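Beneath this line is the structure, given in structure tokens, with notes to follow.
Keep in mind that the numbers below use all heavy atoms, side chains included, and drop hydrogens, waters and symmetry copies. Predicted, not measured: the structure shown is a model, and the values here were computed from it. FYI, the numbering just counts along the sequence from 1.
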Amino acid sequence: SDARARYVLSILPPRGADWNTETYEDFKTSLQDDLVPTSKEKKYVINNLTTIARENKACHAEVVAAIVTRLAEAEPANKMDVWYLIDNICKRVGGRYVAAFQAVLPELVASEMPRDAKHRAKAQKLVDTWGKVFPKRIEEIRQRFAGGAWDDSGDYVPR
């Protein structure tokens with residue numbers, strides 16, 4: 001929903017004076033064009049996007065913002081693919097990406113992690129692998145995944 005997308009975008013850090021709009025737009029376009037539910041080679045696409053993220057470490061804020069924007073806009077069927085990309089970037093590139101995602105992960109998990117019957121087990125497996133990746137916030141992430149704050153219409157309600 002629009003309210004959920006606005007909420008997710010509100011948790012991102014403000015854009016600094018050195019913001020690179022071109023990198024943000026390019027990465028966002030790649031996400032929209034390549035990481036879609038109908039993609040046959042999702043693992044290849046995720047690895048390719050991870051390589052692009054590695055090559056753009058200096059613009060990590062832009063890459064993270066593009067991914068978070070995509071996560072907020074994605075259809076439920078596509079959200080796990082975006083989560084797998086976040087996971088891959090944090091585990092394979094690390095550094096600035098871990099710090100940037102860790103800052104917003106509890107809120108993202110609460111608002112954007114699928115909890116429907118089809119995806120809940122996959123999402124839980126992913127969260128279970130994050131103890132060593134996000135040690136400072138893993139308990140909060142687990143609590144947010146277990147609890148969440150969804151209303152009856154399926155929209156996230158910030159607490």
Side-chain angles (χ1 to χ4, degrees), residues 1-2 4-9 11-13 15 19-135 137-138 141-142 144-145 148 150 154-156:
S1 77
D2 288 341
R4 197 156 90 210
R6 279 193 305 278
Y7 167 72
V8 169
L9 297 178
I11 66 174
L12 286 171
R15 296 176 178 186
W19 180 263
N20 187 323
T21 303
E22 185 179 351
T23 300
Y24 170 78
E25 292 297 335
D26 287 351
F27 202 85
K28 189 174 176 211
T29 300
S30 294
L31 284 166
Q32 290 169 331
D33 293 350
D34 301 336
L35 196 59
V36 294
T38 54
S39 298
K40 298 284 184 244
E41 302 289 331
K42 287 183 186 173
K43 189 173 184 176
Y44 169 80
V45 170
I46 288 170
N47 286 335
N48 189 44
L49 289 167
T50 300
T51 299
I52 295 168
R54 179 181 289 116
E55 292 167 354
N56 284 283
K57 275 191 227 176
C59 295
H60 70 281
E62 291 84 341
V63 171
V64 169
I67 293 170
V68 170
T69 301
R70 180 69 187 129
L71 187 61
E73 294 171 348
E75 294 297 318
N78 198 207
K79 287 195 188 288
M80 280 310 299
D81 298 330
V82 181
W83 280 108
Y84 290 135
L85 174 63
I86 292 169
D87 179 74
N88 206 47
I89 289 172
C90 289
K91 289 176 178 172
R92 293 179 184 249
V93 182
R96 299 170 184 186
Y97 287 106
V98 171
F101 278 114
Q102 186 167 257
V104 296
L105 215 54
E107 291 80 9
L108 279 182
V109 165
S111 67
E112 298 302 317
M113 185 70 82
R115 287 176 181 72
D116 59 295
K118 183 178 177 184
H119 298 102
R120 186 174 180 88
K122 290 177 182 177
Q124 182 68 60
K125 267 188 195 172
L126 199 59
V127 169
D128 288 345
T129 69
W130 288 347
K132 289 187 172 121
V133 185
F134 307 107
R137 300 204 74 182
I138 189 59
I141 291 166
R142 285 183 178 136
R144 291 293 191 98
F145 179 70
W150 296 79
D155 281 340
Y156 179 69

Mind checking what makes ring pair (Phe, Tyr, Trp, His ring centres under 6.0 Å) contact with Y84, not counting sequence neighbours?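 For Y84, no residue satisfies ring pair (Phe, Tyr, Trp, His ring centres under 6.0 Å) once neighbours in sequence are set aside.
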Nearest heavy-atom neighbours spanning [X] and [Y]:
X    : Y    : value
Q102 : V133 : OE1-O, 4.3 Å
N56  : Y97  : O-OH, 3.5 Å
R144 : R115 : O-NH2, 3.0 Å
N78  : L35  : OD1-O, 3.0 Å
A72  : E112 : CA-OE1, 3.8 Å
A123 : M113 : CB-SD, 3.5 Å

Show me the donor-acceptor pairs, under 3.5 Å and distance only, between side chains in residues 86-96 and residues at least two apart or in other chains.
residue : atom : partner : partner atom : Å
D87     : OD1  : K91     : NZ           : 2.9
D87     : OD1  : W130    : NE1          : 2.7
D87     : OD2  : K91     : NZ           : 3.4
N88     : OD1  : R92     : NE           : 2.8
N88     : ND2  : N47     : OD1          : 3.2
N88     : ND2  : T50     : OG1          : 2.8
K91     : NZ   : T129    : OG1          : 2.8
R96     : NH1  : K57     : O            : 3.0

Contacts of [X] that satisfy side chain to side chain donor-acceptor pair (under 3.5 Å) - sequence neighbours left out:
X   : result
H60 : none
Y24 : T69
Q32 : none

Side chain to side chain contact (heavy atoms under 4.5 Å, CB included) partners for [X], two or more places apart:
X   : result
S30 : D34, L49
E25 : T21
D26 : E22

Enumerate the salt bridge (charged side-chain N to carboxylate O under 4.0 Å, His left out) contacts for residues 39-51, please, sequence neighbours excluded, ordered by first and then second residue.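 Listed by first then second residue: K42-D81.
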State whether the side chain of R137 and the backbone N or O of A103 hold a donor-acceptor pair below 3.5 Å, judged by distance alone.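 It does hold such a pair.
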Any sub-3.5 Å donor-acceptor pair from W83's side-chain atoms to P114's backbone N or O?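 Checking the backbone N and O of P114 against the side chain of W83, no donor-acceptor pair under 3.5 Å is found.
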Say you draw a straight line from [atom1] of [X] to [atom2] of [Y]; how long is it, rounded to the nearest 0.5 Å?
X    : Y    : atom1 : atom2 : result
I52  : R54  : CD1   : CZ    : 11.5 Å
M80  : L85  : CE    : CG    : 12.0 Å
H119 : K125 : NE2   : NZ    : 13.5 Å

Only counting residues at least two apart or in another chain, list the ones meeting salt bridge (Lys or Arg N to Asp or Glu O under 4.0 Å) with R70.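 In terms of salt bridge (Lys or Arg N to Asp or Glu O under 4.0 Å), with neighbours along the sequence ignored, R70 is linked to no residue.
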Answer whether the closest heavy-atom distance between the side chains of L126 and K122 falls below 4.5 Å.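 No, their side chains stay 4.5 Å or more apart.
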Could you walk me through whether I11 and L108 pass the side chain to side chain contact (heavy atoms under 4.5 Å, CB included) check? CA-CA 9 Å; I11 66 174; L108 279 182; 4.2 Å; yes
